[in-house]
Amino acid sequence: MSTHAPQAAQAVTLPTTLDEAVAALTAMPAAVPVAGGTDLMAAVNSGQLRPAALVGLGKISEIRGWQYLDGHALLGAGLTHARMGRPDFAALIPALAAAARAAGPPHIRNAGTLGGNIASAAPTGDALPVLAALEATLIVAGPDGARREVPVSHLLAGMDVLRPGELIGYVRVPLLHAPQVFLKATGRTGPGRAVASVALVLDPARRGVRCAVGAIAPMPLRPLEAEQWVAQLIDWDNNRAIVPEALSAFGEYVAAACIPDAASEEDGSVPPLPPAVLHLRRTVAALARRALGRALS
């Protein structure tokens, strides 16, 4: 129930192909695409959005599954969190499956989609740090059958944006065949909503560690120096062994990179972080430490 009475949309279009959806958006520039509607309807109910027209994406079967392509998984933007949380998908991309299972209560997981999570770009979106750590790429569909690729990180950072008539069609994710972990801490801001999250994946072929921290900033943060530092301490030829002290140091490194100290005063002193910020930094450090420990265990 809502105290706001949503204004009825003037038009609702239900295309059955991705190109039909793009054509509908091109013909109706004021139209809003809707898949699961978990973010859209919240905006409508709160009075923040009054769409003049809707283009429903629920009948486009081509974007509701996935396929293998040249060492990558090509994920349809219409995949629901519930579908990504199943065991067969978890065997493919474990961290994304873990994020999908943590996305909220069942009705949210059943309706919410991967593409919607990306397009809404809410800082607390659980899939976003995983996609950032995996260095995933979007395949964007445009008018007249056009397709272009955009790194997820570029879209989330505003370095590239969806143009009029464009839709996210697919997400290309590399299959690393190595441990992946997603962890998050929740608070009282909503059911299952993260106050901080960490995605960590190992890349044995490149002897690398990729980490992304979500929910604490408008977009996922990659502590690149911390990644490079800890990768050099892992014995990749001996069961990926690492000294226990390095796990704690990695957590602190990640947290300090993502939540730095306050700027120094004129006298050179550094004021302490507010208690809430300090607590958040400690939370990020704990998540990063546990994520790396689980990935290497």
Under-4.0 Å salt bridge between R210 and D203: yes

What pairs meet the ring-ring contact (aromatic ring centres under 6.0 Å, His included) rule with one or both residues in residues 67-120, with sequence neighbours excluded? W66-F89

Go through the structure and list residues passing ring pair (Phe, Tyr, Trp, His ring centres under 6.0 Å) with W236, not counting sequence neighbours. none

Inter- and intrachain pairs under side-chain hydrogen bond (donor to acceptor under 3.5 Å, both in side chains), touching residues 113-123, at least two apart: D39-S120

Flag for E252-S248: side-chain donor and acceptor within less than 3.5 Å: no

Can we say R193 and D126 salt-bridge, meaning some charged N sits less than 4.0 Å from an Asp/Glu carboxylate O? no

Between D144 and A146 (side chain of the first, backbone of the second, donor and acceptor by atom type, cut-off under 3.5 Å), is there such a pair? no

Can you list every pair that meets ring-ring contact (aromatic ring centres under 6.0 Å, His included) and has a residue in residues 125-164, with sequence neighbours left out? none

Ignoring hydrogens, what is the shortest heavy-atom contact between M84 and A97? Give both atom names and the distance. O-CB, 3.2 Å

Test: side-chain hydrogen bond (donor to acceptor under 3.5 Å, both in side chains). Region: residues 94-105. Which pairs qualify, not counting sequence neighbours? none

What's in the same ILVMFWY side-chain cluster as I139, cut-off under 4.5 Å, chained through other members? L18, V22, L25, M28, V55, L57, I60, I63, L69, L74, L167, Y170

State whether the side chain of E166 and the backbone N or O of A141 hold a donor-acceptor pair below 3.5 Å, judged by distance alone. no

